[in-house]
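Since the structure comes first, as structure tokens, the remarks are kept for the end.
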Amino acid sequence: MRIGMIGCGVISQQYLTSFDQLPDVQLVAVADLDPARAAAAAEGREGVRALSVDELIADPEVDTVLNLTIPAAHAEVDLKAIAAGKNVYSEKPFAVTTQEGAEVLVAAQAAGVLVGSAPDTVLGTGTQTARAAIDGGVIGTPTAAMATMVCPGHERWHPQPDFYYVPGGGPLLDMGPYYIHALVTLLGPVSSVIGAASRPHEERTIGSGPRAGEKIPVSTDTHVTGVLVHESGALSTLVMSFDAVATAAHPIEVHGTEGTLAVPDPNRFSGEVSVRRLGGEGWETLPVTGGYEEAGRGIGLQDMAVRGPELRASGELGQHVLEVMNAVLESAHSGSRIEIASSVARPEAVALEDVRAAV
């Protein structure tokens, strides 16, 4: 599958590192609103051309557009690529509004092209080993989960953090996809949500880079909590915050009738999975039993290239998670429980595999 990458910012470096390890994916072109960044991304990469955005979308050598633009541009770029007959794979969140995301899926279906969505971290050994444990009955029947991500804010390290503090950003739409994609992978789709949110600071101070010391406005909620009611009946409690220093909680804990599972950071592909069994004595580390080993960002593209319409990091999953996140924010402001209109099947589990062996 021949990839044209649009957006050569910070996250693009992780994709560029992965491309050499993916046997069925080939990067052929890059583009950015800043031509110098596109040129830098293409430099030293044989066969990779730096193009304008419009040139890349029209290029017949590009099968699939990898959309690494800012969240506010995700849907617009996806729709242009789909109109040109390209498959699309978008960084998270899938779009900013639920309506935008739905329009992308409708357009893709009409055009007969594939749509994928990050995060693909759930295809790594961390989340997949946890899934194998749940599916194998290690903790009995799952009844609840807790997902926790707290930090003091991305402006402390990111030199251009503006987009984190506008609609489409914030801790929920920025970091929430990792956690909610994992929760859906582990426990299945969400049927309704209840949310609460706050915005204690009206501006943030950039802490690094040429703009260090500059203050930027905040126009989205920066501390969000929610309860996700899964179709299975399990309840997931979500805490996403740019307003806290640290936490001692596991990133995700899944509670069942026979034990509790500690799941590693879903923003990573690997990590230790441990279980505390009912009647047991302490935490027990589980062996790695599923997922792509040594995976990096872009493994979802490899999965897409091989599996086609059965891809695991699908646009349908990205859209379901987007609807869940926006519903949490809607509930936070309305005070009402929100029903989720969409549903999605749990993606097929990933058997333990080192995809690099095929390179």
Side-chain angles (χ1 to χ4, degrees), residues 11 70-72 74-75 90-101 117-119 121-122 145-156 158 161-187 189-202 204 216-230 235-247 249 251-252 263 265-267 317-342 344:
I11 194 66
I70 62 172
H74 284 177
S90 177
E91 247 304 322
K92 51 80 191 168
F94 186 56
V96 172
T97 70
T98 304
Q99 179 61 34
E100 285 177 344
S117 176
T121 47
V122 294
M146 299 182 67
T148 307
M149 191 295 301
V150 303
C151 71
H154 291 354
E155 77 281 2
R156 297 172 62 86
H158 199 292
D162 308 68
F163 68 95
Y164 289 119
Y165 295 101
V166 298
L172 184 57
L173 266 74
D174 177 51
M175 298 300 294
Y178 299 110
Y179 290 78
I180 302 176
H181 275 251
L183 290 171
V184 172
T185 297
L186 298 173
L187 300 174
V190 176
S191 59
S192 64
V193 304
I194 302 169
S198 65
R199 190 186 311 170
H201 307 290
E202 293 302 318
R204 299 276 181 148
I216 57 173
V218 176
S219 57
T220 193
D221 293 319
T222 52
H223 184 98
V224 183
T225 64
V227 176
L228 316 182
V229 181
H230 293 265
L235 304 178
S236 290
T237 302
L238 191 70
V239 178
M240 300 281 115
S241 182
F242 284 167
D243 295 311
V245 174
T247 178
I252 296 178
V263 184
D265 185 351
N267 191 15
L317 177 56
Q319 171 66 6
H320 180 69
V321 171
L322 176 65
E323 183 184 356
V324 168
M325 294 188 296
N326 280 326
V328 169
L329 294 174
E330 181 183 350
S331 174
H333 292 278
S334 70
S336 301
R337 174 175 173 145
I338 305 295
E339 302 297 320
I340 303 301
S342 67
V344 66

Close side-chain approach of Phe242 to Glu155, heavy-atom, < 4.5 Å = no
Hey, could you give me the CD1/CZ distance between Ile216 and Phe163, rounded to the nearest 0.5 Å?
-> 10.0 Å
Rounded distance [0.5 Å steps], CE in Met325 versus CG in Leu173 = 4.0 Å
4.5 Å side-chain heavy-atom contact, Thr225 and Met240 | no
Hey, are the side chains of Leu172 and Asp221 touching, using non-hydrogen atoms and a 4.5 Å cut-off?
-> no
Do the side chain of Thr148 and the main chain of Val239 share a donor and acceptor less than 3.5 angstrom apart?
-> no
Taking every heavy atom of Val324 against every heavy atom of Ile340, the minimum-distance pair comes out as CA-CD1, 4.0 Å
Where do Val193 and Glu339 land on the side-chain contact (heavy atoms from CB on, under 4.5 Å) test, with the steps shown first?
-> CA-CA 7 Å; Val193 304; Glu339 302 297 320; over 6 Å; no
Could you pull out all residues at least two apart from Glu330 that satisfy side-chain contact (heavy atoms from CB on, under 4.5 Å)?
-> Ile338
Taking all heavy atoms of Thr222 and all of Arg199, pick out the closest pair and write down the distance.
-> OG1-CA, 3.8 Å
Look up atom CE in Met149 and atom CG in Asn267, then write down how far apart they are to the nearest 0.5 Å.
-> 9.5 Å
Given Leu183 and His230, is the side-chain contact (heavy atoms from CB on, under 4.5 Å) satisfied, shown in steps?
-> CA-CA 9 Å; Leu183 290 171; His230 293 265; 4.2 Å; yes
pair Val229-Arg337: side-chain heavy atoms closer than 4.5 Å = yes
Ring centre gap for Phe94 and His74 strictly below 6.0 Å | no
Side-chain heavy-atom pair Thr220, Val166 within 4.5 angstrom cut-off | no
Interatomic spacing from NE2 in His158 to OH in Tyr164 - rounded to 0.5 Å | 4.0 Å
Can you tell me how far CD1 of Ile252 sits from CG of Leu238, rounded to the nearest 0.5 angstrom?
-> 9.0 Å
With no hydrogens and no angle check, is any side-chain donor or acceptor of Ser331 less than 3.5 Å from a backbone partner on Gly195?
-> yes
Do Asp265 and Tyr179 come close enough that some side-chain heavy atom pair is under 4.5 Å?
-> yes
Point-to-point distance, once rounded to the nearest 0.5 Å, from OG of Ser117 to CD of Gln319 = 9.0 Å
Decide yes or no for Pro189 and His320: does some side-chain heavy atom of the first lie under 4.5 Å from some side-chain heavy atom of the second?
-> yes
Just do the side-chain contact (heavy atoms from CB on, under 4.5 Å) check on Val218 and Glu202 with the steps written out, would you?
-> CA-CA 5 Å; Val218 176; Glu202 293 302 318; 5.5 Å; no
Indicate the atoms forming the closest heavy-atom contact of Leu187 with Ala145, along with that distance.
-> CD1-CB, 3.8 Å
Provide the closest heavy-atom pair for Pro93 versus Leu322 in the form atom of the first, atom of the second, distance.
-> CB-CD1, 4.5 Å
Nearest non-hydrogen partners of Tyr165 and Pro217, listed with the distance = CB-O, 3.8 Å
For the student: nearest non-hydrogen atoms of Val96 and Asn326, plus distance = O-ND2, 3.1 Å
Short side-chain to backbone donor-acceptor contact, Ser241 and Asp243, under 3.5 Å = yes
